**Q** 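Dumping the structure here so I can ask a few things about it.
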Amino acid sequence: MRFIIFQKPSWRNMILWGIFLIVLVTSRDNVISVFSGKLKPIYSAQVTTQEIGLTFDISWGEQTAEPILDILKQKEIHATFFLSSPWASKHEALIKRMVAEGHEIASHGNRHVDLNTLSPSELEKEILTSQEVLEKISGQKISLLRPPNGAYDNKVISISQKLGYRVIQWSVDSLDWKRPGPEAVINNVMKGIRNGHGAQAGDIILFHASDSAPDTIKALPVVIDSLRNKNYALVPISDLLKNAASTWPPESNLNPQEKAPVQR
């Protein structure tokens with residue numbers, strides 16, 4: 001018969017475990033995000049309506065945003081614009097027009113960098129810098145974030161949530177930035193990439209209003225009319241989420257914390 005003898009832990013080990021527990025408690029949001037592996041952004045919503053979220057990213061350019069606004073005004077459609085703050089600072093008149101015409105302003109960060117490459121302090125600064133600029137110009141409370149290049153990790157999700165944000169991706173990609181031609185952009189939205197999943201209720205569509213996506217100007221009116229013919233309604237993301245029972249994937253169902261005012 002073999003006897004197992006348990007040794008009493010040393011004081012040194014007990015102190016180390018105590019320090020670890022203190023760090024675990026005081027940094028629980030970040031610790032949970034690192035170890036759970038389950039935090040996700042919102043790709044789509046579970047809805048009982050016929051609503052689809054319409055979004056545009058803008059990081060640079062002078063030629064595309066205004067024609068897209070003209071189309072949306074003519075079609076009486078409201079959308080969410082994810083803006084980088086340097087672009088917004090140079091185009092205040094366009095931002096004010098977006099607000100006046102009923103569009104939602106959201107954050108696409110400050111610098112166009114992958115947020116998951118930043119330290120927690122750098123990430124927080126990046127989000128708050130963009131927030132200050134966008135809120136000052138638009139007069140709206142900024143509470144939605146789309147990471148540049150769609151790059152995220154648990155750190156990005158948990159820190160954004162702590163700062164009062166919901167992180168938004170997309171479930172339908174127009175791939176307009178690749179400049180495939182208007183017909184291809186239309187097909188990507190209506191039929192899905194490689195004849196996969198076309199836009200349906202609860203989806204979030206990704207377009208760009210940067211100059212990298214000139215095909216969007218010709219494709220957008222056709223997409224709007226085609227979806228309307230299928231009895232879908234195109235709405236900003238906040239409206240889509242307001243009527244959602246939940247979001248997809250399930251790991252994205254995080255309630256943002258109360259947003260603290262930006263220190264100016």
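Quick caveat: nothing in here was measured; it's all calculated off a predicted structure.
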**Q** On a heavy-atom basis, which atom in Ala219 and which in Pro182 lie closest, and how many Å separate them?
**A**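 Ala219 and Pro182 have their closest heavy atoms at CB-O, 3.7 Å.
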**Q** I'd like to check Ile95 versus Ile105 (side-chain heavy atoms, cut-off strictly below 4.5 Å). Are they in contact?
**A**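 The answer is yes; the side chains approach within 4.5 Å.
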**Q** In the structure I gave you, are the side-chain heavy atoms of Lys162 and Glu124 within less than 4.5 Å of one another anywhere?
**A**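 The answer is yes; the side chains approach within 4.5 Å.
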**Q** I'd like to know if Lys75 and Asp225 make a salt bridge, using a cut-off of under 4.0 Å between side-chain N and carboxylate O.
**A**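 The answer is yes: the pair qualifies as a salt bridge.
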**Q** For the pair Arg97 and Asp70, find out whether any cationic side-chain nitrogen is under 4.0 Å from an anionic carboxylate oxygen.
**A**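 Result for this pair is yes, salt bridge flagged.
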**Q** Tell me yes or no: between the side chains of Gln161 and Ser158, is some donor less than 3.5 Å from an acceptor?
**A**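 There is no such pair between these side chains.
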**Q** Give, for atom CG of Asn154 and atom CG of Asn116, the distance between the pair rounded to the nearest 0.5 Å.
**A**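 Atom-to-atom, Asn154:CG and Asn116:CG are 11.0 Å apart.
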**Q** Nearest 0.5 Å, what's the CD1-CG distance between Ile137 and Leu83?
**A**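 It is 9.0 Å, given to the nearest 0.5 Å.
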**Q** Can you measure from NE2 (His108) to OG (Ser85) and round to the nearest 0.5 angstrom?
**A**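 Between atom NE2 of His108 and atom OG of Ser85 there are 11.0 Å.
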**Q** When you compare the side chain of Ser252 with that of Pro41, does any pair of heavy atoms fall below 4.5 Å?
**A**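 Side chain of Pro41 against side chain of Ser252, heavy atoms only: no contact under 4.5 Å found.
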**Q** Is the closest side-chain donor-acceptor distance between Thr129 and Asn110 under 3.5 Å?
**A**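 On atom types as modelled, these side chains do not qualify, holding no pair under 3.5 Å.
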**Q** Return yes if some donor-acceptor pair links the side-chain N/O of Asp211 with the main-chain N/O of Gln63 below 3.5 Å, else return no.
**A**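 Yes; at least one donor-acceptor contact below 3.5 Å.
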**Q** Working to the nearest 0.5 angstrom, can you tell me the gap between Trp60 CH2 and Ser84 OG?
**A**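 It comes to 11.5 Å.
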**Q** According to a hydrophobic-cluster definition based on side-chain heavy atoms being under 4.5 Å apart (Ile, Leu, Val, Met, Phe, Trp, Tyr only), do Val167 and Trp248 belong together?
**A**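 Unlinked, Val167 and Trp248 end up in two clusters.
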**Q** For a quick test of reading the model, state the closest non-hydrogen atom pair linking Pro148 to Leu115 and the distance between them.
**A**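 Nearest heavy atoms, Pro148 then Leu115: CD-CG, 3.9 Å.
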**Q** For the atom pair CD1 (Ile71) and CG (Leu220), what is the distance rounded to the nearest 0.5 Å?
**A**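 Interatomic distance, Ile71 CD1 to Leu220 CG, rounded to 0.5 Å: 5.0 Å.
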**Q** Carefully, step by step, assess Phe56 and Ser210 under the rule side chain to side chain contact (heavy atoms under 4.5 Å, CB included).
**A** CA-CA 9 Å; Phe56 298 86; Ser210 296; over 6 Å; no
**Q** I want to check something: taking the side chain as every heavy atom from C-beta on, are Phe81 and Leu69 in contact at a cut-off of under 4.5 Å?
**A**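 The answer is yes, as the side chains (C-beta and beyond) meet within the 4.5 Å cut-off.
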**Q** On a heavy-atom basis, which atom in Ala213 and which in Thr64 lie closest, and how many Å separate them?
**A**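 Scanning both residues, the minimum pair turns out to be O-CG2, 3.9 Å.
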**Q** Would you check if there is a donor-acceptor pair between the side chains of Arg146 and Thr55 at a distance under 3.5 Å?
**A**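 Yes - a donor-acceptor pair under 3.5 Å links their side chains.
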**Q** Any chance you could pull the hydrophobic cluster mates of Leu240, using side-chain heavy atoms under 4.5 angstrom and chaining through other members?
**A**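 Other cluster members: Ile42, Val47, Phe82, Leu144, Ile168, Trp170, Ile204, Leu206, Val235, Ile237, Leu241.
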**Q** Working to the nearest 0.5 angstrom, can you tell me the gap between Asp114 CG and Asn149 CG?
**A**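 Reported to 0.5 Å precision, the distance equals 4.5 Å.
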**Q** Could you report the tightest heavy-atom contact between Lys218 and Pro221, atom names first, then the distance?
**A**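 Scanning both residues, the minimum pair turns out to be O-CD, 3.5 Å.
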**Q** Check the surroundings of atom NZ in Lys96: do more than 12 heavy atoms from other residues, nucleotides or ligands lie under 6.0 Å from it?
**A**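 More than 12 within 6.0 Å, yes.
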**Q** Is it true that Arg111 and Glu126 make a salt bridge, defined as a side-chain N closer than 4.0 Å to a carboxylate O?
**A**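 Salt bridge present between Arg111 and Glu126.
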**Q** Please name the pair of heavy atoms, one in Leu134 and one in Ala106, separated by the smallest distance, quoted to 0.1 Å.
**A**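 Residues Leu134 and Ala106, closest heavy atoms: CD1-O, 3.7 Å.
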**Q** When you check the side-chain N and O atoms of Glu62 and His91, is any donor under 3.5 Å from an acceptor?
**A**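 The answer is yes; a qualifying pair exists.
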**Q** Would you mind reporting whether Pro214 and Arg179 have side-chain heavy atoms less than 4.5 Å apart?
**A**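 Heavy-atom side-chain distance check passes, below 4.5 Å.
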**Q** Which heavy atom in Gly181 sits nearest to a heavy atom in Asp215, and how many Å separate them?
**A**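 Smallest interatomic distance, heavy atoms only, reads N-OD2, 2.7 Å.
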**Q** Where do Leu54 and Thr80 land on the side chain to side chain contact (heavy atoms under 4.5 Å, CB included) test, with the steps shown first?
**A** CA-CA 6 Å; Leu54 180 61; Thr80 299; over 6 Å; no
**Q** Could you walk me through whether Phe207 and Asp57 satisfy the side chain to side chain contact (heavy atoms under 4.5 Å, CB included) test, starting with their C-alpha distance in whole Å, then the side-chain angles of each, then the deciding distance to 0.1 Å, before giving a yes or no?
**A** CA-CA 7 Å; Phe207 281 111; Asp57 291 359; over 6 Å; no
**Q** May I ask you to check whether over 12 heavy atoms, not counting those of Lys90, lie within 6.0 Å of atom NZ?
**A**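 Counting neighbours around NZ of Lys90, 12 or fewer heavy atoms of other residues, nucleotides or ligands fall under 6.0 Å, so no.
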**Q** Would Gln140 and Val99 satisfy side chain to side chain contact (heavy atoms under 4.5 Å, CB included), going step by step from the backbone distance to the final call?
**A** CA-CA 8 Å; Gln140 294 185 2; Val99 173; 3.8 Å; yes
**Q** Taking only residues two or more places apart in sequence, or in another chain, which ones meet Asp203 in a side chain to side chain donor-acceptor pair (under 3.5 Å)?
**A**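 Testing Asp203 for side chain to side chain donor-acceptor pair (under 3.5 Å), a comparison that skips the adjacent residues, returns Ser171, His197.
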**Q** Ignoring hydrogens and geometry beyond distance, is a side-chain donor-acceptor pair present between Ser121 and Ser119 at under 3.5 Å?
**A**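 Per modelled atom types, Ser121 and Ser119 side chains form a pair under 3.5 Å.
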**Q** Got a donor-acceptor contact below 3.5 angstrom from the Gln50 side chain to the Ala201 backbone?
**A**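 Side chain of Gln50 to backbone of Ala201: no pair is present.
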**Q** Please, which pairs that meet side-chain hydrogen bond (donor to acceptor under 3.5 Å, both in side chains) have at least one residue in residues 226-242, sequence neighbours excluded?
**A**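 As it turns out, the side-chain hydrogen bond (donor to acceptor under 3.5 Å, both in side chains) pairs with a partner in residues 226-242, which skip direct neighbours, are Glu104-Ser238.
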**Q** Is a side-chain N or O of His78 found less than 3.5 angstrom from the main chain of Glu101, in a donor-acceptor match?
**A**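 At least one qualifying donor-acceptor pair exists.
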**Q** Would you say that Pro236 contacts His103 through its side chain, given a criterion of any heavy-atom pair below 4.5 Å between the two side chains?
**A**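 In short, these two side chains do not touch, never coming nearer than 4.5 Å.
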**Q** Is it true that Asn253 and Thr247 share a donor-acceptor pair across their side chains at a distance under 3.5 Å?
**A**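 The criterion, which ignores hydrogens and geometry beyond distance, is satisfied for Asn253 and Thr247.
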**Q** Please examine the side chains of Met190 and Leu227, heavy atoms only from C-beta on, and report whether any two atoms are closer than 4.5 Å.
**A**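 A side-chain contact under 4.5 Å exists here.
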**Q** Quick one: does Gln169's side chain get under 4.5 Å of Tyr152's, heavy atoms only?
**A**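 In contact.
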